[in-house]
Asks: 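This is the structure, below, for whatever I ask next.
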Amino acid sequence: DSTISQVFVKDSRVDVAGYEAGGLIGGLYDSSTGSLGVAIINKSYVINTNVKSTHATGRVGGLIGHIQTSTNAFSKVFVYDSYATGGNVTGVVTVGGFIGRTTASSPALLNITNSFATGNVNATGTTTASSGGFSGYGTSALYVYNSFATGNVEGSYPTNPYVGTILAIQGSGSTNSYYYSGATCLNRESGGCNSVGAGSYGSLSSFYNSANAPMSSWDFTNIWYSSG
């Protein structure tokens, strides 16, 4: 088991030729088949940090590049009360404002809760370049709760809308998660953009009002602070 808590990066830059680039974590792996391991990432954040990878494999995220569990693993990964804000996220494929890619299937479990991303996201690949305001590629074990993304999103995916305001490839989906309707979502191919499973606000200030969802479900007594 492992825990990363109360770690932050500010006013920095990640610019690599390799894959799996993140503002805080490049890659997180569970390599043991049948593992019962638990990983927790909480109360951690990245501020004003651009993240970029030029590798064809991509997996680039504002906070985390890639989380992977082994086949048939019983791993549980919980990410909560964390954010990536103020920086742009750029890669070739599977690029997300918060996390680039997850590779995990049932019975593994990956929950991201009470978190947000504000950076602009760009998957520069010419085809099958998925990107999402929050997650760039989510397999079936991924579920996003009570979170939001506000950045512009650009990618390139034919036939399928795997460029998304919140999630590119859906995974298990999202609950009580929101995007900024004033941001642009551009698929350079024919697949279009998606906002499946997400609500929206037309004003950025709405996201930072603790009376509004999803922040209305966050803990402003012990964890989060509201300036007004």
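Count residues from 1 along the sequence. Note: hydrogens, waters and symmetry copies are ignored here, and every other heavy atom, side chains too, is used.
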Asks: Is there a path of hydrophobic side-chain contacts, each under 4.5 Å between heavy atoms of I, L, V, M, F, W or Y residues, that connects Val77 with Leu63?
Replies: yes
Asks: Let me check something: any side-chain donor-acceptor pairs from residues 4-11 under 3.5 Å, sequence neighbours excluded? List them with distances.
Replies:
unit_1	atom_1	unit_2	atom_2	d
Ser5	OG	Asn42	OD1	2.9
Asp11	OD1	Asn48	ND2	3.3

Asks: Counting neighbours of CZ on Phe116 that are heavy atoms of other residues, nucleotides or ligands and sit closer than 6.0 Å, is the number greater than 12?
Replies: yes
Asks: Using atom types as modelled and distance alone, determine if a side-chain donor or acceptor of Asn194 lies under 3.5 Å from a backbone N or O of Ala168.
Replies: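 A pair under 3.5 Å: yes.
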Asks: Excluding sequence neighbours, so at least two apart, what forms ring-ring contact (aromatic ring centres under 6.0 Å, His included) with Tyr157?
Replies: Tyr162
Asks: Determine the sole option in Ser177, Ser195, Ser200 for which the side-chain hydrogen bond (donor to acceptor under 3.5 Å, both in side chains) test with Thr165 is passed.
Replies: Ser195
Asks: So which heavy atom on Ser156 is nearest to which on Glu189, and how close?
Replies: OG-CG, 3.0 Å
Asks: In the structure I gave you, are the side-chain heavy atoms of Thr113 and Phe78 within less than 4.5 Å of one another anywhere?
Replies: no
Asks: Mind jotting down which residue pairs meet the salt bridge (charged side-chain N to carboxylate O under 4.0 Å, His left out) criterion with at least one end in residues 51-63? Sequence neighbours excluded, please.
Replies: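 Residue pairs with at least one partner in residues 51-63: Glu20-Arg59.
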Asks: If we count only N and O atoms by modelled type, under 3.5 Å, do the side chains of Ser53 and Tyr19 hold a donor and an acceptor together?
Replies: no
Asks: Using a 4.5 Å cut-off between side-chain heavy atoms of Ile, Leu, Val, Met, Phe, Trp and Tyr, which other residues end up in the same hydrophobic cluster as Val93?
Replies: Val92
Asks: Checking Ser181 now: which residues fulfil side-chain hydrogen bond (donor to acceptor under 3.5 Å, both in side chains) with it, not counting sequence neighbours?
Replies: none
Asks: Run the side chain to side chain contact (heavy atoms under 4.5 Å, CB included) check on Tyr45 and Thr85 step by step: do they pass?
Replies: CA-CA 8 Å; Tyr45 57 89; Thr85 184; over 6 Å; no
Asks: Excluding sequence neighbours, so at least two apart, what forms ring-ring contact (aromatic ring centres under 6.0 Å, His included) with Tyr201?
Replies: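 ring-ring contact (aromatic ring centres under 6.0 Å, His included) check on Tyr201 returns Tyr178, Phe207.
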Asks: Working note: Phe148 + Tyr208, criterion side chain to side chain contact (heavy atoms under 4.5 Å, CB included); need CA distance, chi angles, decisive distance, verdict.
Replies: CA-CA 10 Å; Phe148 68 87; Tyr208 303 101; 3.9 Å; yes
Asks: Between atom OG of Ser115 and atom CG of Asn111, what is the distance when rounded to the nearest 0.5 Å?
Replies: 11.0 Å
Asks: Which side-chain N or O atoms in residues 123-135 pair as donor and acceptor under 3.5 Å with protein atoms at least two apart or in another chain?
Replies:
unit_1	atom_1	unit_2	atom_2	d
Thr124	OG1	Gly91	O	3.3
Ser130	OG	Gly136	O	2.8
Ser131	OG	Glu154	O	3.0

Asks: Working to the nearest 0.5 angstrom, can you tell me the gap between Tyr80 OH and Ile41 CD1?
Replies: 10.5 Å
Asks: State the OG-CD1 distance between Ser12 and Ile47, to the nearest 0.5 angstrom.
Replies: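 Separation between the atoms: 12.0 Å.
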Asks: What residue pairs, at least two apart or across chains, pass salt bridge (charged side-chain N to carboxylate O under 4.0 Å, His left out) with a residue in residues 98-113?
Replies: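 Salt bridge (charged side-chain N to carboxylate O under 4.0 Å, His left out) check on residues 98-113 returns no pairs.
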Asks: Excluding sequence neighbours, so at least two apart, what forms side chain to side chain contact (heavy atoms under 4.5 Å, CB included) with Thr102?
Replies: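 Only Ile99, Leu110, Thr139, Leu142 meet the side chain to side chain contact (heavy atoms under 4.5 Å, CB included) criterion with Thr102.
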Asks: Quick test of your reading: applying salt bridge (charged side-chain N to carboxylate O under 4.0 Å, His left out), list the pairs with at least one residue in residues 129-143, sequence neighbours left out, ordered by first then second residue.
Replies: none
Asks: Quick one: does Trp218's side chain have a donor or acceptor within less than 3.5 Å of a partner on Asn146's backbone?
Replies: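 Yes, because the side chain of Trp218 sits within donor-acceptor range (under 3.5 Å) of the backbone of Asn146.
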Asks: Tell me which pairs pass salt bridge (charged side-chain N to carboxylate O under 4.0 Å, His left out) where either residue lies in residues 103-132, with sequence neighbours left out.
Replies: none
Asks: Looking only at heavy atoms, which two atoms of Ala198 and Tyr179 are closest? And how far apart?
Replies: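 Taking every non-hydrogen atom into account, CB-CD2, 3.9 Å.
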Asks: Check the hydrophobic clustering (I, L, V, M, F, W, Y; side-chain heavy atoms under 4.5 Å; chains of links allowed) and say if Leu186 and Ile166 are grouped together.
Replies: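 Shared cluster, no.
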Asks: Kindly give the heavy-atom pair with the smallest separation between Asp219 and Asn222, and that separation in Å.
Replies: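 Looking at all heavy atoms of both residues, the shortest contact is OD1-N, 3.0 Å.
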Asks: Step by step, would you call Thr103 with Tyr137 a side chain to side chain contact (heavy atoms under 4.5 Å, CB included)?
Replies: CA-CA 8 Å; Thr103 306; Tyr137 184 105; 5.7 Å; no
Asks: To the closest 0.5 Å, what do you measure between CZ (Phe98) and OG (Ser147)?
Replies: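 Rounded to the nearest 0.5 Å, the CZ-OG separation comes to 7.0 Å.
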Asks: Has the side chain of Asn120 got a donor or acceptor atom that lies under 3.5 Å from a matching backbone atom of Asn152?
Replies: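 Looks like yes, one N/O pair under 3.5 Å.
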Asks: Among residues at least two apart in sequence or on other chains, which ones pass side-chain hydrogen bond (donor to acceptor under 3.5 Å, both in side chains) with Asp81?
Replies: Trp224
Asks: Tell me the closest heavy-atom pair linking Ser203 and Ser205, and the distance in Å.
Replies: OG-OG, 2.8 Å
Asks: If you look at every heavy atom in Ala183 and Thr150, which pair is closest and at what distance?
Replies: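 Closest approach of Ala183 to Thr150, heavy atoms only: CB-O, 3.6 Å.
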Asks: So which heavy atom on Ile67 is nearest to which on Val79, and how close?
Replies: CD1-CG2, 4.5 Å
Asks: CD1/Ile25 to NE2/His66 distance, rounded to the nearest 0.5 angstrom?
Replies: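 Between atom CD1 of Ile25 and atom NE2 of His66 there are 13.0 Å.
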Asks: Pair Val153, Val163 - check side chain to side chain contact (heavy atoms under 4.5 Å, CB included), show working.
Replies: CA-CA 7 Å; Val153 182; Val163 177; 3.8 Å; yes
Asks: Going from OG on Ser82 to CG on Leu24, what distance comes out if it is rounded to the nearest 0.5 angstrom?
Replies: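 Those atoms lie 8.0 Å apart.
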